[in-house]
Amino acid sequence: MVTRTNAAEPLVGLTVGVTAARRRDELVALLERRGAKVVGTATLSIIPLREDHVLRLATERCLVEPLDYVVATTGVGWRGWMNAAEGWGRSAELRRACEAATVISRGPKATGAVRASGLRETYSPGSEANDELLHWLLARDLRGRRIALQEHGAPLEGFASILRERGAEVIELPVYRWGPPEDPVAVRRLVEQVTRRELHALTFTSAPAIGAFLQTADELGRREEVLAALRTSVLPVCIGGICAKPLTDEGVDAVWPERGRLGSLVRTVTETLPGRVRRELDTGTDRLILQGSAVLVQGGVISLSPVSAAVLRALAERPGWVLSRAELLRRVWRDASADEHAVEAAVARLRTSLGPHKGLIKTVTKRGYRLAVAT
């Protein structure tokens, strides 16, 4: 059936997985606004700040004695810390402690949050890199200095230990610590969807989310299948290079925007994904575009089931060439119980879905099927 709307949306027909816990609704809305079908679930949960006794104890340590340096690594993490302190009735004391210290911030978002809390930063690197913050600190005599290090989601590997080696006392503030997923069944389902290549892209907004996703794949005995899918059929899109590191360490070529923003991540999906999956089909009288699970035709969109789309995509890989039922069965079906009758039924459904364009699929007697395209 031809739908007369959404043909101009760049991600129509494409399925994108989302693993984010924070700002999930915003990310889903941005993708859906561009025509994507969005699936997935948060692979981790966030421990509420006011209930986080670890963060509270670390904050109390900051107030026992004067601080020398305070490191703000993320805007949302800094705001969360300040808000949590307010909930505990310690915000005024914390602000005074930070005012008396040297505050350094990683990039404009952290800087903006620091200034919004009434403080001023002494240094902020243009690269938004933690390494530059560390380099700036190491250029100073740190013996006996007290440093508050605001983290976000996961410890900054090596950062605190290097400062301690230089003689500093480092108070790590684990803002937004990660917990297990609220719906582990949904995470397992997402792993299965990736292995079946039912997604065209999978988005990540934190390295811990990737780790949790791969851990679930490990538990299911599907890690290598997941990595194989991410290396070939399912495009992994990350919020930034640091986020992508668990994938790049596994030899997966993830993509990410220059700026680590949700809008930039969605723009990367929009600009990168269609070019990987679009196929133009010229029937001689019509020009159709196969994109994911949709066929874009003049004036609208033909939506296909995942199996129908997979059959059409297999035929479109070599237009005009005949694919046998056995070959289609091997390429499309992962169910060992499926037989060639499943292929015949799927082709029939595909032709029904294509409606006036059903002649695109030709039967070659005793051989199989081919795609009728202009040569």
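Keep in mind that this is a model prediction, so the values were computed, not measured.
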Distance-only polar pair, side chains of [X] and [Y], donor-acceptor under 3.5 Å:
{"X": "Thr73", "Y": "Glu151", "result": "no"}
{"X": "Thr363", "Y": "Arg351", "result": "yes"}
{"X": "Thr102", "Y": "Thr122", "result": "no"}
{"X": "Thr268", "Y": "Trp256", "result": "no"}
{"X": "Trp78", "Y": "Ser117", "result": "yes"}

Hey, are the side chains of Leu173 and Cys62 touching, using non-hydrogen atoms and a 4.5 Å cut-off?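 Side chain of Leu173 against side chain of Cys62, heavy atoms only: contact under 4.5 Å found.
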Do the side chains of Arg22 and Thr205 get nearer than 4.5 Å, heavy atoms only?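 Not in contact.
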Mind checking what makes side-chain hydrogen bond (donor to acceptor under 3.5 Å, both in side chains) contact with Asp253, not counting sequence neighbours?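 Checked Asp253 against side-chain hydrogen bond (donor to acceptor under 3.5 Å, both in side chains); zero matches.
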I'd like to know if [X] and [Y] make a salt bridge, using a cut-off of under 4.0 Å between side-chain N and carboxylate O.
{"X": "Glu225", "Y": "Arg196", "answer": "no"}
{"X": "Arg143", "Y": "Glu169", "answer": "no"}
{"X": "Arg331", "Y": "Glu327", "answer": "yes"}
{"X": "Glu93", "Y": "Arg90", "answer": "yes"}
{"X": "Asp249", "Y": "Lys245", "answer": "yes"}
{"X": "Arg189", "Y": "Glu192", "answer": "no"}
{"X": "Arg223", "Y": "Asp218", "answer": "yes"}

Applying side-chain contact (heavy atoms from CB on, under 4.5 Å) to Leu163 and Leu138, what does each step give before you reach the verdict? CA-CA 7 Å; Leu163 295 177; Leu138 293 178; 4.2 Å; yes
Exercise: identify the closest heavy-atom pair between [X] and [Y]:
{"X": "Leu133", "Y": "Ser105", "result": "CD2-O, 3.7 Å"}
{"X": "Ile302", "Y": "Leu354", "result": "CD1-O, 4.0 Å"}
{"X": "Glu9", "Y": "Arg33", "result": "OE2-O, 3.8 Å"}
{"X": "Val277", "Y": "Gly292", "result": "CG2-N, 4.4 Å"}
{"X": "Val226", "Y": "Ala217", "result": "CG2-CB, 3.9 Å"}
{"X": "Arg197", "Y": "Ser233", "result": "CG-CB, 3.3 Å"}

Give the intermediate values and the outcome of side-chain hydrogen bond (donor to acceptor under 3.5 Å, both in side chains) for residues Thr19 and Thr43. CA-CA 6 Å; Thr19 61; Thr43 57; 4.8 Å; no
I'd like to know whether Arg120 forms a side-chain contact (heavy atoms from CB on, under 4.5 Å) with Val103, so could you lay out the CA-CA distance, the side-chain angles of the two residues, the decisive distance to 0.1 Å, and finally the verdict. CA-CA 7 Å; Arg120 298 292 296 187; Val103 178; over 6 Å; no
Nearest 0.5 Å, please: how far is [atom2] in [Y] from [atom1] in [X]?
{"X": "Arg367", "Y": "Ser324", "atom1": "CZ", "atom2": "OG", "answer": "10.0 Å"}
{"X": "Tyr369", "Y": "Leu328", "atom1": "OH", "atom2": "CG", "answer": "8.0 Å"}
{"X": "Arg145", "Y": "Leu142", "atom1": "CZ", "atom2": "CG", "answer": "8.0 Å"}
{"X": "Gln150", "Y": "Arg79", "atom1": "CD", "atom2": "CZ", "answer": "10.0 Å"}

How far apart are the C-alpha atoms of Val16 and Leu202, what are their side-chain angles, what is the distance that settles it, and do they pass the side-chain contact (heavy atoms from CB on, under 4.5 Å) test? CA-CA 6 Å; Val16 179; Leu202 184 59; over 6 Å; no
Please verify the inter-ring angle class for Tyr69 with Trp136; under 30° counts as parallel, over 60° as perpendicular, anything in between as tilted.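 Geometry flag for Trp136 against Tyr69: perpendicular rings.
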